Enquirer: 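Just passing along the structure, written as structure tokens.
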Amino acid sequence: MDTQKQTTRLLDAVLFREIWKAMKVTFKHMFHRPMTFQYPREKRTIPDAHRGALGLLRYDNGQERCVGCDLCEAACPSRCIKVISEEDKSLPLQRYATEFYIDITKCVFCGYCVEACPVNALAMTKMYEYSTHDKRTLMFDKQRLYEIGDQHLEDAKKYLYAHNQEQDDEESRTYRYHFPQPIGKTEASDS
Amino acid sequence: MAHLEDQRETIYKVDPAHPETKDLPILRTEELLLNMGPQHPATHGVLKVILDLEGERITKSTVVMGFLHRGVEKLAEHGTYHQFIPHTDRLDYVCAMYNNFAYCRAVEKLMNVTVPERAEYLRTIVAEVQRIIGHLFWLGTQALDIGAMTVFFYTFRDREILLDWFDELCGARLTTSWYRIGGVERDFTASLETKIRDFLAYFPPKIDEYVVFLEKNRIWLARTVGVAVISAEDALGYGLSGPTLRGSGVDYDLRKYESYGAYPKCEFSVPVGKNGDTYDRYWIRIEEMRESIKIIRQCMDQMPKEGPVLADVPSVTLPPKNRVFTNLESMIQQFKLFSQGFDAPPGEIYCGTEAHKGELGFYIVSTGGGNPYRLKIRSPSFIHMGAFDFMAKGYMIADAVTIFGSYDIVMGECDR
Amino acid sequence: MHPIAETIQARFPDGFLSAQEWRGDLAVTVKREALHAIGRFLKDDPAMDCDYIVHVSSVDWPDEEERFEVVYEVYSIRHRHRIRVKTRVPEHDCYVDSLTDIWPGAEFMEREVFDMMGIRFNNHPDMRRILMPDDFPEGYPLRKDFPLQGKGWRDSFDFLNEGATS
Amino acid sequence: MALKPVTTPDTEAATISLNIDGETVTAKEGVSLYDVISSMGKIVPAMCYHYTFDPFGSCGMCLVLQEGKKSPVRSCTAKATEGMVIRTDGEDLFAARKKAVEKHLSVHPLDCPVCDADGHCELQDMAFEHQVTDLANAKQKNIPEDTRSLVLDFNMNRCIACGECINICKDVQRIDALQFMKKGGFTQVVAKGDHALDCEFCGDCLAVCPVGAITNKFSKYVYKPWQLRKTTTTCNYCGDGCQMYVETKDTEVVRVTSPLSWKNKWGDRGDTVNGHGGLCVRGRFGFQFIDSKERLKEPLVRNETGLAPTPWIEALDTTAERLTDIKSRYGSEAIAGLITARCTNEELYVFQRFMRTVLGTNNLDSSARYGHMNFVRAVHHALGINRTMNTSADLTKAKAILVVGANVTETNPVASLRVKAAIGTYKASVIVVDSMQTNLAKLASHPMMVKPGSEGAFIKGLVKSVLEQDLIDPDATAQAPEALSALKAAARAVSLDAVAAETGIPVETIQEAARIFAEAPRSVILCGEGIVRQPDGYNHTLSLVDLAWVTGKLNKPGCGINTFTEEGNEQGAVDMGVAPEFLPGPVPCAQAEARQKFSEAWDAPLPDAQSGKSLVEILDDCRAGKIKALYLVGENPLGTLPKSFGVEEALSQLELLIYQDPFLTETAHYAHVVFPACTFAEKDGTVTNQEGMVQFLRPALDPLGESALDWHIMVGLANGMGQSLPYENTQDIQAEIRKVLPGYYNLGEPRPVVADAVAYLRNGYADSVRARYADGRAQKSGRPYGLKLIQLIYHSGKLSTKASGLMDISPNAGALRMSLEECERLGLAEGGRVRVTSDHGSLELGVQADVNVLPGTCAFPEHFNEPPVKDLVRVVVDPITHVPYFKSTQVTIEKV
């Protein structure tokens, strides 16, 4: 046995058998479909749960969902959100965000703000292509965030469903509510 | 190292530990200080090592780190326990899930929260997937550092499958933040389960493939066998853990001996090396991937089909979102937990978790209130670097890369 | 009291101060004069056999007279027990005996404690900062009185603040 | 009142012992069981409880189990009795309390996201603590929000009917502006009579509201409590020196809160007001001036075109150069400085050192000169002390309080709570002597409304009446029998009938007042702006000393003479020696020993003690061209003094007017250099309140724009003049003050003062007292109405007019306040206009009926210069203290 082992070892050394074995694996891969894809031309399919850029959402009737409660600001681990809220003087008891900033250069995309939001005004989208030459444009303000929200509304909704933030559309309509109207009155104000 | 005061030029002496130098002609040589890093492709980030060389041999090495120091421990003191989870993603940014796991476990120990059974299984599965990712990453880069490029492509290809799976699971590939104190953020979906089962079938042959590339490769062997040997006693004294410690023959695996998650319900073995060299550490990691596959398979089979994935402890865990919309008490819970955090009891705990690099521990001191009073991260990378000087002494410059590669260091975790 | 704590108390009646057990962790508070001897005992005594050093840490209690707490946690591979040894030092006399000669791994961990909390270790082979630059002038970052707010480099980027304030 | 512990200092309740959670405790009989439990350090949750008023018992949280009773009892309304065995903890109690929280939650709206109290809400805390989940049958109220009030919004959906707001308004503030009312099926809190809330707006109801039912309109919806950085500092609006929390978000002040809150409700019920910790309308709602848009942000230097923004270095250099030049050309006497008493002690100290050593002049004064100096000089002269004699606790426990010419509820609202507590809790006799119907007069047992300007005569009448009725304290007068006979001799010039005629108070009433005051074991005199800012304030204060002395109220515990100050640190200005006649201490400027000490400490010679000019003289000298350079720190003489005084001419004569203030006021338009200063919220230092308590100011904000701390500017000027003042930070100044005034900084508690009248009574008392009591009746003016420039509760000086919140609450109506009767008599319906004529001018303005104004009087708030009512008055200067009097005059009123 020993001699046989010795012989094998000698042959291994002389014939570079391990190289042949490895080459075999490598050559086999020549017949595989390539794993890579050509990015700007081909795009990945992104899962619903994907945590991309944040957007602000509106109710179906176009009203801003955000009530400026600042909970996202409190929840944010990187302190990149700044909400400035105020009373909407035209509607007593109506609080809304006059300004809403997300410093996307600081954002860590953890999704805590979405989890925290008591009205599901925030959602993450599948948008990830917003690289820029100017860092200033990465300070997303309220307008930009609503634009993202409007453009990627479907993705945003899917995100909320995927992360159990909302049930499906139909069900969520029953418990979705507007401040300051109590629940149950929402149906009327929706239509 | 010889003192240099009077003898700036020394005659190279034969080192009894390296008898092969006997045949070298006696030459006049000078001590050489070699500055490696901080921006060196093989240092896995920003690490600087100052090597004192005699010829090509390392006589002393001084590790300079802190280039990626972000004060994570200080940050922890100023956020709620919950807010710290995304910060743990960025410790060992290659294996965020395991950091999350270790941290959440520590806080659960502090809060005395029991995790629901299904969540335990989910956590274990994902943790083991993360271990595979970690080992794949290590294998690819270590082989690349030593000169075997092909393995890198193959391991990264397979790692990619799992990262995509993470993306589908929690929305991010690397910075996952999927674990929650008291459970996990989100349950598996049917497609996730199918995908992981597919992977279980797909992956074991791939391990054999990597092994084909390396196991008998004479360069690989020359660069790993007998390199950076450390005895069991020394390894323990230096606080090494994980594969680095087990390579030296110490059977220390927290998954087995301070078992947690669903590990106690799984059968698996802990591979232990003999020689304490780089090759053994490589071998252990390969074997651990095979064990991980076993664990995942067992968990998938044993896991209860239904059940909550987050403990229902109103004072600690978040309420389900739909309740927030309709119930005042859940709304209050939501606001209190996000704005002030939960009220931890005063006390201190240490909780170690077997991450793929070694023992990742969190030492938390609480004085009550929503933030930790002190949070210390016992990061294996940092502690392993403490043994670098000891382990590198007498080896060649080229081995330096192999040695810290064999610890599987990630600077994010090392510097914190 | 935990048997290990009892053993330590019996061996070091002067050095032992108290023992706590919480959530299954055993912590022993000792006088700092006795720390080295207790460390040696934990490592060498066959009943203790704590050959594995887990971590060295420190806690700052600015309101207390003995302000800093140095924490060593050691583990015995054979007996599978874990002991946390804590000792207190006052701010004006911030020295502890290094345990590097017992567990060589303590070298880096103690350096980190020095770097972050400013506690010095006697007989330490290489007492330098480790994570912060060697010439870092502003004190010790993990102390509770380390200033949190300062004008960081981000503040010099006007455009980042423009949007927020206008 | 039944449950309030019987803690009048005279009687002590019987002691009982009871067993609570296995511990035996002793307590006074009849006190609330809850208080006994909390005195052990155990806090039983309670939402409607507050130590400042009686237990109300509406929340049902403070349940405890009493042995022998089946169901838990409410500990707050239960009386502690002998032998009770009480358990305060346990699963069953937890469950019972949880039920109580659920009851409140089930009708609470789901609006945490928009509620300002979110994060600082007791209902939230309780719900979270008791782990309420899955509430059945939750329903919501739908009550429209009451936004009629100027200051507070009432959202009764959120109300838990704890009644704290109503109780504190009734029991502590004694205003009683709120009530419960059943409306729309729900019991809600509404303003009395369901009108828009119109009260003093102290905001105590806002502070104690444990939920978000009462909201502050000025900061509604702009914050969440967790975003705010809280800085504890001292209010600067009046001499009370209330502690307050300035809460800031980034660089703006969002709101001001008080130590009084529902979070701070477990205090000592024995002495409610002592731990009240509340604020008044000015402190709580008048914070907008701090980050006002009008604030000066950079130094201005006058050039050909006017005041132009200039860099600091340049502005300081020019100023220092010009000061040096003036000093060398005209000598130090040609320079003078005035500082406002709203500055910190440190700034005042640096100011006087700067003036005395760097500029070498003793021409310096502070706004304490406008009144407080009368009191200080009088007590300094007579008693050898420099401030009020009593602490606020003495006020509460006094049995008789004589309030002369002090509209305390308006000028010092929080201090007035002490008097209110004395009235309400301890049933003290309070004699209020005023020419206005003050709020205190409405509560007082003996309100005495005198004719305008006759407060001094009333005091003399009191002294006379004490002597007549032989209410003399033999022990006190034994020290100086010759002084007593001198006083008796002098008092012969006073006839009670004449006093009665002058004041309009019958003789019997005066005599009764004298009896009450003299016979009470603890009597306190409070005098305020109606004495010290009115003609002869110095002499009237001395008469008060006479009164206290003959009745033996000078050195008895709990007795004494006290005053109130208008600005935050008038006492500090006196103590820091910012007056020509005083060095820090204050010690007389001429005292050789002190001169030696300070000269050594400052390493510079001191200017001649006699050379110093006070405020009035400084302005006179400016007008005469003797003073060439004037340094004004926060002082606005143009806005304060009547036009007839000629401030305008005085300022326009100057070669250099340095003006340093947070705002660009009318005086600034004459300035050659304007330095932007900080407000109190940006300062770090100490202030001394009227009690002599040294308290901290802490910076809540970084200095706005390029504005700088006042002492920084002075140190900069000194440097520019080639003399350095050795200060790098406030601690340096404090260290120096500590060195030169040992014992001054005993923070938190005023040093007790000991009055010693013996020297005063034995030396030349007879002459002075004869002169004082000689018939000094003011000449009868032909004009029938007394015009008073009054202070409003909503304002303080001119500073508060920069606070938009206070201006919203109390805008300048530009109308003369007259009593209803007078309005009717003149045939003035609301909106009519009158012509007011005094000896010094005439003015046409609107009229507003004010119930607090007595017939024969009219009033105008001194805070407003539009229309310029102040210009109708001529300045009368006190011959001794040089205090300018310009707060009252006689006028005729005709309908236009």
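Please read all numbers here as calculations on a predicted model, not as lab measurements. Order of the sequence lines sets the chain letters (A, B, ...), proteins ahead of strands, with each chain counted from 1.
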Enquirer: Below 4.0 angstrom, N of the basic side chain to O of the carboxylate: do R374(B) and E69(C) qualify?
Expert: no
Enquirer: I need the minimum non-hydrogen distance between E77(B) and K144(C), along with the two atoms involved.
Expert: OE1-NZ, 3.0 Å
Enquirer: Does any backbone or side-chain atom of P104(C) lie under 4.5 Å from a heavy atom of chain B? Answer side chain, backbone, both or neither.
Expert: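 For P104(C), the contact with chain B is made by backbone and side chain together.
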Enquirer: Are side-chain heavy atoms of W103(C) and L236(B) found at a separation under 4.5 Å?
Expert: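 No, side chains not in contact.
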Enquirer: Could you tell me which portion of H78(B) (side chain, backbone, both or neither) has an atom closer than 4.5 angstrom to a non-hydrogen atom of chain C?
Expert: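 Only the side chain of H78(B) comes within 4.5 Å of chain C.
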Enquirer: Tabulate, in ascending numerical order, the residues of residues 48-65 of chain C having at least one heavy atom closer than 4.5 Å to a heavy atom of chain B, or enter 'none'.
Expert: D51(C), Y52(C), I53(C), V54(C), H55(C), V56(C), S57(C), S58(C), V59(C), D60(C), W61(C), P62(C)
Enquirer: If you count heavy-atom pairs within less than 4.5 Å of chain C, which of G361(B), G71(B), P345(B) leads?
Expert: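 Most pairs with chain C among the choices: P345(B).
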Enquirer: Could R143(C) and E73(B) be called an ion pair, given the rule that one side-chain N must be under 4.0 Å from one carboxylate O?
Expert: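 No.
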Enquirer: Would you sort out whether E258(B) and R80(C) count as a salt bridge (Lys or Arg N to Asp or Glu O under 4.0 Å), showing the intermediate values?
Expert: CA-CA 9 Å; E258(B) 284 183 11; R80(C) 306 228 178 268; over 6 Å; no
Enquirer: Heavy-atom cut-off 4.5 Å, strictly under: side chain, backbone, both or neither for M109(C) against chain B?
Expert: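 Answer is both: backbone and side chain atoms of M109(C) are under 4.5 Å from chain B.
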Enquirer: Among E73(C), Q20(C), R82(C), K43(C), which has the most heavy-atom pairs under 4.5 Å with chain B?
Expert: R82(C)
Enquirer: Select one option (side chain, backbone, both, neither) describing which atoms of L375(B) are under 4.5 Å from chain C's heavy atoms.
Expert: neither
Enquirer: Tell me, side chain or backbone of Y363(B) under 4.5 Å from chain C's heavy atoms, or both, or neither?
Expert: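 The side chain, not the backbone.
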Enquirer: Got a donor-acceptor contact below 3.5 angstrom from the D25(C) side chain to the I349(B) backbone?
Expert: no
Enquirer: Is the centre of the Y238(B) ring less than 6.0 Å from the centre of the F108(C) ring?
Expert: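 Centroid distance Y238(B)-F108(C): not below 6.0 Å, so no.
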Enquirer: Out of R129(C), M132(C), E112(C), R128(C), which one racks up the most heavy-atom pairs below 4.5 Å with chain B?
Expert: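 Option with the greatest count: E112(C).
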Enquirer: Work out which heavy atom in K74(B) is nearest to a heavy atom in P141(C); give both atom names and the distance.
Expert: NZ-O, 3.1 Å
Enquirer: Counting heavy-atom pairs under 4.5 Å to chain C, which of N112(B), L240(B), V63(B), T367(B) comes out on top?
Expert: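 Of the candidates given, the most pairs with chain C belong to N112(B).
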Enquirer: Could you work out, with ring-ring contact (aromatic ring centres under 6.0 Å, His included) as the rule, every residue matching H81(C), not counting sequence neighbours?
Expert: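 Listed in chain order: H79(C).
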Enquirer: What residues of residues 404-416 of chain B sit under 4.5 Å from chain C when only non-hydrogen atoms are counted?
Expert: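 Residues in range: C414(B), D415(B), R416(B).
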Enquirer: Does atom CD (E233(B)) have a neighbourhood of more than 12 heavy atoms from anything else shown, all under 6.0 Å?
Expert: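 No, the 6.0 Å shell around CD holds no more than 12 heavy atoms from other groups.
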Enquirer: Working to the nearest 0.5 Å, report the span between NZ of K376(B) and CE of M116(C).
Expert: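 Reported to 0.5 Å precision, the distance equals 8.5 Å.
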Enquirer: Do the side chains of E107(C) and F390(B) get nearer than 4.5 Å, heavy atoms only?
Expert: no
Enquirer: What part of P346(B) gets within 4.5 angstrom of chain C, counting heavy atoms only: side chain, backbone, both, or neither?
Expert: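 Contact with chain C involves the backbone of P346(B) alone.
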Enquirer: Going by heavy atoms in the side chains, are Y257(B) and I77(C) under 4.5 Å from each other?
Expert: no
Enquirer: Under a 4.5 Å heavy-atom cut-off, does chain B meet the side chain of R84(C), its backbone, both or neither?
Expert: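 R84(C) touches chain B through side-chain heavy atoms alone.
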Enquirer: With sequence neighbours left out, what residues match Q83(B) under side-chain hydrogen bond (donor to acceptor under 3.5 Å, both in side chains)?
Expert: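 In terms of side-chain hydrogen bond (donor to acceptor under 3.5 Å, both in side chains), with neighbours along the sequence ignored, Q83(B) is linked to no residue.
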Enquirer: With a 4.5 Å limit on heavy-atom distance, are the side chains of H69(B) and D115(C) in contact?
Expert: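 Not in contact.
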Enquirer: To the nearest 0.5 Å, how far apart are CD1 in I364(B) and CZ in R23(C)?
Expert: 11.5 Å
